[in-house]
Amino acid sequence: MAVAEEAAVAEHYDVIIIGTGAGGGTLAHALAGSGKKILLLERGDFLPREVDNWNPGPVFVDGRYISPDTWFDGDGKPFQPQVHYFVGGATKLYGAALYRLRPGDFSELRHVDGISPAWPLSYDDFEPWYSRAEQLYQVHGNGGEDPTEGHRSAPYPWPAVSHEDRIQQISDGLEKGGYHPFHAPCGILLDEANRPASHCIRCAWCDGYPCLVHAKSDADVIAVRPVLGRDNVTLLTGAEVTKLETDPGGRAVTGVVVSRDGDRAVYTGDIVAVCAGAANSAKLLLNSASDAHPHGLANGSDQVGRNYMFHNCKAVVALAKEKNDTVFQKTLGINDFYFATNDYEYPAGNIQMIGKSNAEAMRGEKPKLTKLAPEWTLADVASHAVDFWLTTEDLPIPENRVTTDADGNVHLFYQPTNDAEADRLYEELKKILNHTGMAEHHVLRKNFYMDMNIAVAGCAHQAGTCRFGTDPATSVLDVNCKAHELDNLYVVDTSFFPSIGAVNPALTAMANALRVGEVIRQRIAP
Ligand SMILES: Cc1cc2nc3c(=O)[nH]c(=O)nc-3n(C[C@H](O)[C@H](O)[C@H](O)COP(=O)(O)OP(=O)(O)OC[C@H]3O[C@@H](n4cnc5c(N)ncnc54)[C@H](O)[C@@H]3O)c2cc1C
Ligand code: SF4
């Protein structure tokens, strides 16, 4: 069955999956072939295909695809989070930079503000699942270029997306300067050897936009739609899960309470997987408190909602004298400062390119930009801009957390960590620009990439609220992402991260969903 249109019949399912993003969508794909009855519950709808998908004004200035929701910051002030409630979740808008965590990210790392803890599993444990996730999401990349990457059991399924001329010049300049630029791993359905047959047209509207022609490897296109034709898979859209009910002993989820078109329905499943994204998964567990779980479902450790991370990021625009005619810019990465170096004893992070600036999205920055280049119009500024994204690891500290209030609303307290490392990375970027033909550069924090001023609103890389581990006293999930305290509850999204590293998180969520999917598949096998 494809999409259920009518009010749901309270049928029993083998597996209920809540949320269809990188975690939930991939999990559904992993389980669909089992033939078991699977129910996907997604609070959003399919993202509309319309010309505005590729229009920077509606997308970046008006926030057309930001789903209405209200969270509250640490001072109790309401804000609109940068969330995307659609089939495919945040991956509908993501930049499809599909990185593996580095092997060192799985070990304890010392940072300027504290310790990034070790994972209970190693890179080697994840490696086969990374390979499978790269195959599924058709990742383009060149193994062996980046000295920080781990071993791989299979090559990337597609060659790296090629650099356009300006980016190639930058890459060459960096290499001459002794750096190790690499082709960024990317999930787009581009066939450069056969452009007429390629789904992807290699346009400028990728990073932060939905793909109008469905050529981005998002969880909707790659994982959910392909399984909707199966009789054993049902998707309910507009179905927000508001509570999980348990048996009196609290060992099993016995009811999944859904609000849909103002109606309430309760579904039952042998196994329930919560994949609502780090903040909303914590919200659901906390709002499911009961006599058996007085502090929230699966929260005997008091860790649900804690250790929220979302990276310490900066978008940066460099203005050079040379024009930058690049169309698809997100092809280059630099990890020379990812770990400690001889010059700096802490990991500083990852540098990558982001989608090319355009005048429309720059409108809000006009006063600053015109000060830098007074003789230029915004269109001139945009045509000279080279755009970077700097990511530093933030630490999982217990005080950075999601809580809920009496009405069930998300309250998000977050204070940044590792600012000194992030500043260091920014300084390194400015230094390396000297090797890229941008000697007379201007460099500017690019705030228009995220048009909301409240730092916590930019929750694109949210993770960590239900971390996995071996000790039920300090973690919510076991190493298979099953709740320590329940027999049939799994959390399969970025919530499980004990630390976040400094590369984009989606591939790790996808790989983990394939890994946990195999555990569940074996469990439900006849
Ligand atoms: C603009 C942008 C750019 C990004 N770029 C990159 C990138 O280049 N590379 C990268 O690796 N990552 C990127 N990310 C991050 C990446 O998209 C996320 O890390 C990833 O999607 C997280 O997966 P998830 O399964 O945890 O959550 P999501 O993908 O957000 O999925 C959660 C799903 O649960 C649904 N849901 C929530 N609450 C409920 C409920 N109560 N009931 C039912 N359904 C519910 C949501 O609607 C959503 O579909 C980007 C994100 C954004 C926003
Ligand atoms: S670059 Fe390709 S995948 Fe990205 S939006 Fe354009 S057509 Fe879609």
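Just so you know, ligand 1 is whichever comes first in the structure, and atom 1 is the first atom listed for that ligand. Just the heavy atoms: all of them, side chains too, but no hydrogens, waters or symmetry mates, feed the values below.
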Could you go through the side-chain hydrogen bond (donor to acceptor under 3.5 Å, both in side chains) check for Asp146 and Asn335 one step at a time? CA-CA 7 Å; Asp146 171 15; Asn335 273 343; 2.8 Å; yes
Please write down residue, atom name and distance for the protein heavy atom closest to atom 8 (Fe) of ligand 2. Cys211 SG, 2.3 Å
Which ligand 2 atoms are under 4.0 Å away from a heavy-atom of Lys216? 3 (S)
Within the 4.0 Å heavy-atom shell around His84, which atoms of ligand 1 are there? 53 (C)
What's the shortest distance from atom 5 (S) of ligand 2 to any protein heavy atom, and which residue and atom give it? Trp205 O, 3.2 Å
Tell me which part of Ala509 gets within contact of ligand 1: side chain, backbone, both or neither, using heavy atoms under 4.0 Å. neither
How does Cys275 reach ligand 1, if at all, at less than 4.0 Å between non-hydrogen atoms: by side chain, backbone, both, or neither? backbone
Does ligand 1 have an atom under 4.0 Å from some heavy atom of Leu284? no
Could you tell me which atoms of ligand 2, counted from 1 in the order shown, lie closer than 4.0 angstrom to a heavy atom of Val213? 7 (S)
So do the side chains of Phe468 and Leu121 get within less than 4.5 Å of each other, counting heavy atoms only? yes
Let me check your reading of the structure: within less than 2.8 Å of atom 6 (Fe) of ligand 2, is there an N/O/S atom from Cys203? yes
Non-hydrogen side-chain atoms of Val87 and Leu235 separated by less than 4.5 Å: yes
So the atoms of ligand 1 within less than 4.0 Å of a heavy atom of Gly23 turn out to be 25 (O)
With a cut-off of 2.8 Å, does any N, O or S atom of Cys206 fall short of it relative to atom 4 (Fe) of ligand 2? yes
For atom 2 (Fe) of ligand 2, grab the closest protein heavy atom and report residue, atom and distance to one decimal in Å. Cys200 SG, 2.3 Å
Would a 4.5 Å heavy-atom cut-off, applied to side chains only, mark Phe497 and Arg467 as touching? no
For ligand 2, which atoms have a heavy atom of Trp54 less than 4.0 angstrom away? 5 (S), 6 (Fe), 7 (S)
For the residue pair His183 and His163, categorise the inter-ring angle as parallel (less than 30°), tilted (30 to 60°) or perpendicular (more than 60°). parallel
Near Ala506 (heavy-atom distance under 4.0 Å), the atoms of ligand 1 are 10 (C), 11 (O), 12 (N)
For ligand 1, which atoms have a heavy atom of Leu93 less than 4.0 angstrom away? 1 (C), 2 (C), 3 (C)
Would you please classify the geometry between the Phe106 ring and the Tyr123 ring as parallel, tilted or perpendicular, with 30° and 60° separating the classes? perpendicular
Of the protein's non-hydrogen atoms, which lies at the shortest distance from atom 7 (S) of ligand 2, and what is that distance? Ile201 N, 3.4 Å
Report yes or no: do Arg264 and Ser259 form a side-chain donor-acceptor pair below 3.5 Å? no
According to the interplanar angle, ranging from 0 to 90°, do the rings of Phe79 and Trp71 count as parallel (below 30°), tilted (30 to 60°) or perpendicular (above 60°)? perpendicular
Atom indices of ligand 1 within 4.0 angstrom of Ile18 heavy atoms, with elements: 42 (N), 43 (C)
